[in-house]
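Presented below is the structure to which this report refers.
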Amino acid sequence: MAKATSRPSTSRGRAQRTGEKAAASPRRRDRAALRGLDDETLLLMYRQMLLIRRFEEHAAEGYAQAKIGGFLHLYIGEEAVAVGALHGLRNDDHLITHYRDHGYALVRGCDPGQVMAELYGRATGVVGGRGGSMHLADASKHFWGGHAIVGGHIPVAVGLGVAQQRKDTGLVVLDVFGDGATAIGMFHEAMNMAMIWRAPVVFLCENNLYGMGAQLAEQSPVKQLVDRARGYNMPAAQCDGMDPVDTYRVVREAGEHARRGEGPFFVEALTYRFRGHSMADPEMYRTRDEVREWRAKDPIPAFAARLTEHGIADDKRLKQIDGEVEEQVVAAVRFADESPPPDPATIFDHLYAAPLGPAAPERSEIRP
Amino acid sequence: MAKATSRPSTSRGRAQRTGEKAAASPRRRDRAALRGLDDETLLLMYRQMLLIRRFEEHAAEGYAQAKIGGFLHLYIGEEAVAVGALHGLRNDDHLITHYRDHGYALVRGCDPGQVMAELYGRATGVVGGRGGSMHLADASKHFWGGHAIVGGHIPVAVGLGVAQQRKDTGLVVLDVFGDGATAIGMFHEAMNMAMIWRAPVVFLCENNLYGMGAQLAEQSPVKQLVDRARGYNMPAAQCDGMDPVDTYRVVREAGEHARRGEGPFFVEALTYRFRGHSMADPEMYRTRDEVREWRAKDPIPAFAARLTEHGIADDKRLKQIDGEVEEQVVAAVRFADESPPPDPATIFDHLYAAPLGPAAPERSEIRP
Amino acid sequence: MTVEISYREALHQALREEMQRDGDVVLLGEDITGYGGSYAVTKGLHEEFGLDRVMETPIAEAGIVATAIGMSMGGMRPVAELMTVNFALLALDQIVNNAAKFHYMFNGQWSVPIVVRTVSGFGQLAATHSQTFEGWFASVPGLKVVMPATPADAKGLLKTAIRDPDPVIFIEHSLLYSKRGAVPEGDDHLVPIGEAAVVREGGDVTIVAYSRMLLEALAAAEELSAEGVECEVVDLRTLRPLDVDTIVQSVAHTHRAVVCGEDWRTGGFGATLAAEVQDRCFDVLDAPVARVAMADVPLPYARNLERLLIPTAHSVTEAVRSLLSIGGRS
Amino acid sequence: MTVEISYREALHQALREEMQRDGDVVLLGEDITGYGGSYAVTKGLHEEFGLDRVMETPIAEAGIVATAIGMSMGGMRPVAELMTVNFALLALDQIVNNAAKFHYMFNGQWSVPIVVRTVSGFGQLAATHSQTFEGWFASVPGLKVVMPATPADAKGLLKTAIRDPDPVIFIEHSLLYSKRGAVPEGDDHLVPIGEAAVVREGGDVTIVAYSRMLLEALAAAEELSAEGVECEVVDLRTLRPLDVDTIVQSVAHTHRAVVCGEDWRTGGFGATLAAEVQDRCFDVLDAPVARVAMADVPLPYARNLERLLIPTAHSVTEAVRSLLSIGGRS
Ligand SMILES: Cc1ncc(C[n+]2csc(CCOP(=O)(O)OP(=O)(O)O)c2C)c(N)n1
Ligand SMILES: Cc1ncc(C[n+]2csc(CCOP(=O)(O)OP(=O)(O)O)c2C)c(N)n1
Ligand SMILES: [Mg+2]
Ligand SMILES: [Mg+2]
């Protein structure tokens, strides 16, 4: 992966080049691609992808049962991105994402029960039932949310990055957003400012080919989103967002670049969402064939196959993990379902961090 | 000038290449550079640059005498850009600019008296005294203003361009802004949308090296602003903004590209403002030496020298033009000074284009 | 002759008819083609009119409104859709500094005949997606602001807005899209901008409402009528220019007023109304102008909390009852 | 002990002292270094504290506020400068959806201790550069909004705002920068947010004002006093949270109120005040709450037109006189 390239190289491109020159069998090559990671980590990655998948399948059920309201944006199909990216960084590196955030929350270590409780709008949710699916957060884990205004959080990450610099924390910021978000002004302002200040930010663009129903191909003048980075002279690389290990590698390199003080880095993860944009999506804008084609690349069975092929786990172990995860998610649903809704008496809490004193007009207006 | 290049070539670059291969003397080369234009046009260019210069010198006086209020942004030093650019396009091509707009208004054919009257805030001003220096406009000449929110007009030009396309007018839009404006979100949204819709827009960025006091070098991750275009896959070129003929050529090519339906084009004019950002500018951010260096490239004497050198005009003719222009400007000042202020009874006129009917609360609130 | 259709269908018809009538009318916005429009108002129009007249845009709210403004300057009649009014904040500079001002500041040289269609509403969408800013829009000189409550007004006002030479902010309501109502047949049903309607007569209290709150107000009036309290209900329909005379006339005989909205109590449109009514009706008022509004807090996601905060018919009846408990002045 | 300094100098001192006190306090904004700050408030600070603590930004208002928000989440105390309040429209999404809401919507996990310094004012700057939006900011739950009128309050409130854990919109006034006044000496002069001050006592009319309009109100009160009319003048200082009690107490003994601002009459902060005062003081009011505000029109450039529109002491005296001509209720 080239640094500060004017023509960003892609991880795929590199893999191809390796392929050309080497005589190694595909299987040998793939084992090499896994080699940076120990078996435990690989199994953890598998477990995490599965956790996201099962969690969301149950969430979809909860939505169908009207236990979950509002918008529910599933990450199914894209699990490898969150898993790979977060493994590429330190656990305390800062994380801020758009609304498609279940995967990031779970991998970052939020309790699945509390995440499900948030979706259920319960007092035990990660943000007390105030945010729902789009606004998961846990500041103690340096996970700064889940944000629902497209692009709105992108420049916030730059400020977080500048603070790491000033305070010399050695941490970087992972700033996650979709392909559709690259059109909005705030993306531009953020990319530009991050470069000017050399902020340690990894811009991770999840290119799942669609905004809601808007096709990237028709809504972008550049075919590859890494090309967006060229207007800022920002180094950039693509990764295979259906492969947690490839994503891990690219994001790790991007993160180390930023951590070394060399400034921001743009990563484009090539991925696909198997479900609609949100549960309300009639999905008229893409063909069944296209969806089928991508489903064939499902990151979970693909990764499972690699794990067994390389003897990292056998089917039994994978089944066991499967069972454990399912149990965990069922428990999470139960926890959510049994949790109480937020106490109406708390409705004005945390409007301000400082006590308002005698003025406090807000409180006097409760008329529930 | 390359079209749709990923690495935009610059007009300067091209001139250098020409220089390398040819044995022609500098003077021959320069004559060639003028050749596209007949003597009359060249003399008109000279006259127009001079008109802007003299007009603004008198405006500065008017400001000192408090006849002009608010912000006054002088274009002195940058005259070659407006003159060259507008000669590169049709007279009825659409024009929209930022607040540094005197030059564009005058070259587009607004009456200097009415422009000065606008600066004086008089009823006879181009917009009736309502806009002042930053908001000159004449829709009948397809000059859609002077705009004071940095970046705010840039995407408006895209809409104007789309309308030309839909109505098949054969016209293009010249969209003028400064280097500082390229950082703002609206610039990005405009560049992106213009490419998606192939809108016939020439984005003309006047790179005078500074925002107000902010140095481009410190506020931009790209050294050349043409590089900004790369993130949109938009063809781009630089021109020498101290030379009306070079600017003319590049903008003409850009305009023809757009007119042919090939989409937008980005032009970076390399220029310098000799005066402060506005009359209020203490100019602490740049050295006298730098200003002196650029003043040595003053486009007006430089162009005069070329005209005489090539026998297009002799000193006498130039002096005559000088005299005529001075007379014209003095008359403009007189016209402005003798014009009445706007009638207070008109103060609510044109708030809406449609009569408001009985509701019309606005009118009832006049409490002058 | 009328026909019973939904608010959504009424809007769809208005767009379709105006596009048929005038080739300069074009739509632009996010997800208005293949996705079908996030509230399905534009569904199918791109197939009928083609992608040149139903323009899918990238996610760039400022750019969308700016493009519409520029197109209007080029002789077109663009109808820009902002997916929800929450995202309008990103386009506010374009709306306030360009759309609202060009006609005035350039001395009437050109106007900006655009419509910005957008939508307010709720549904557990949480803090950033549950706001409404009509009070802000309505404070901007140069804008017209329309918020229809019924299918008939939705259709008639949208058609008028499209033909209007000034910029119109047209705010729909997500909870009204499926409501049905009688709409005059034919393609010449126009409702004038700037005229309120007295939709129920009564002598005890004036309730001023618009958009969804009109339905809540009517439900409250019905309930109160059973108790012997007769409310006069005014549907504003247009917030700017405000038909203040209709309100004043009503308050002149009821002596009491409740103004209803969904934006925040502090600084919402209800404050504008209350300020105006107390000013013009001081002598006839027997009680302060009461406001039904959103409490001053971001809307939380949890269903129970959301329900506590969203103003309803119940909030209106409570406000009316508490007004009536205040003794007359004379 | 006090010292007489300008409003500009008071602000400068507040920034400097807080930066000396707390290394996490940083400034960011356009042209605040080499240019010296467009109103010279930050002049010289980059030399004293270096470019890491006085950060020049590109022209990107949304980005500036967002950066400040992110820095605050990273443990810093950023003071962002938006060159004028007109440009704040471009950052409104960041202010409303991020700064104001994070603390609430993420359930108190973190707060956003930023100050957004900006400035309103006039001076033939024409339509887009002569607006003020305090009524909008003050309607947003989660924000604090401060508009000092005097050097002492400018200094004391800015220092408090910087130490405050919530986002504070701090609006200065371009026509006040050169006004001088007594400021307590030393670096511990703090003025609490949320407390209005009765700056002149009187029994006939309450005038509520803030920022530049306070000076106009005081001039009006002086003039009216010569005629035997005694005005009580309340300087709000903070618009949110609003110290409504101080206003109510004053109106309780004057029975009349004029509220003054420079934003538009329709939907401006004056409407918020009028709505609130008529609600809480209905029984004691002898006349409607009068508003002094900007007429509902974009401000034109021409000097004579601008002068007609900007509210002045004269507008205040006129409003008071017309209030007094309205007979008492009892
Ligand atoms: C400013 C803004 N505009 C529009 C929307 C509505 N909206 C929500 S998600 C979305 C599509 C975003 O697509 P992308 O960035 O590719 O992310 P993805 O959903 O594919 O992960 C849109 C238009 C919004 N939330 N915010
Ligand atoms: C949105 C916005 N932010 C800030 C300003 C204040 N401002 C006016 S001009 C200017 C500098 C613009 O520089 P540039 O775009 O390079 O144009 P130039 O003045 O050099 O021609 C700034 C910051 C503004 N008018 N609008
Ligand atoms: Mg996407
Ligand atoms: Mg410049």
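The sequence lines fix the lettering, A, B, ..., with proteins before strands; numbering per chain opens at 1.
- Residue contact with chain A, scored on non-hydrogen atoms closer than 4.5 Å, involves the backbone and the side chain of D:D52 alike.
- Contact detail for D:Y104 and A:R130: the closest heavy-atom pair is O-NH1, 3.0 Å.
- In this structure, D:R237 does not pair ionically with D:D235, as no charged nitrogen and carboxylate oxygen lie closer than 4.0 Å.
- Using a 4.5 Å cut-off on side-chain heavy atoms (C-beta onward), A:Y99 and A:I149 make no contact.
- Looking at A:H73 and A:H98, their side chains never come closer than 4.5 Å, going by heavy atoms from C-beta outward.
- Of the listed residues (D:T246, D:L143, D:I193), the greatest number of heavy-atom pairs within a distance under 4.5 Å of chain A belongs to D:L143.
- Residue A:A157: no heavy atom, backbone or side chain, is found under 4.5 Å from chain D.
- When each of D:M76, D:K101, D:R53, D:M71 is checked for heavy-atom pairs under 4.5 Å with chain A, D:M71 comes out on top.
- The minimum heavy-atom distance linking D:D24 with A:K167 is given by the pair OD1-NZ, 2.9 Å.
- The shortest distance between side-chain heavy atoms of D:T57 and A:W197 falls below 4.5 Å.
- Side-chain N or O atoms of A:R198 include none that pairs as donor or acceptor with a backbone N or O of A:A258 at under 3.5 Å.
- Against chain A, the residues from residues 77-95 of chain D that qualify, each with a non-hydrogen atom under 4.5 angstrom away, are D:D93, D:Q94 in number order.
- Interface remark: A:A190 contributes no atoms to any contact with chain D (heavy atom separation under 4.5 Å).
- For residues 155-167 of chain D, a heavy-atom distance under 4.5 Å to chain A picks out D:D164, D:P165, D:D166, given by residue number.
- Of the residues considered (A:I154, A:D138, A:T169, A:L136), A:D138 shows the highest number of contacts with chain D, using heavy-atom pairs under 4.5 Å.
- Between the side chains of A:S133 and A:H102, at least one donor N or O lies within less than 3.5 Å of an accepting N or O.
- Both the backbone and the side chain of D:A62 come within contact range of chain A, judged by heavy atoms closer than 4.5 Å.
- Summarising the geometry of D:A138 relative to D:L239, their closest heavy-atom pair is CB-CB, 4.2 Å, with the distance given to 0.1 Å.
- Heavy-atom pairs under 4.5 Å with chain D were tallied for A:H147, A:H188, A:H94; the largest tally goes to A:H147.
- In this structure, the side chains of D:V251 and D:V289 stay at 4.5 Å or more apart for every pair of heavy atoms.
- For D:Q109 (side chain) and A:V126 (main-chain N/O), a donor-acceptor pair under 3.5 Å exists by modelled atom type.
- Using modelled atom types, no side-chain atom of D:R291 and backbone atom of D:G270 make a donor-acceptor pair closer than 3.5 Å.
- Across all their heavy atoms, A:F143 and A:C110 have their closest contact at CD2-SG, 4.1 Å.
- There is a side-chain donor-acceptor pair under 3.5 Å between D:H253 and D:E232.
- The contact between D:K144 and chain A is made by backbone and side chain atoms together, counting heavy-atom distances below 4.5 Å.
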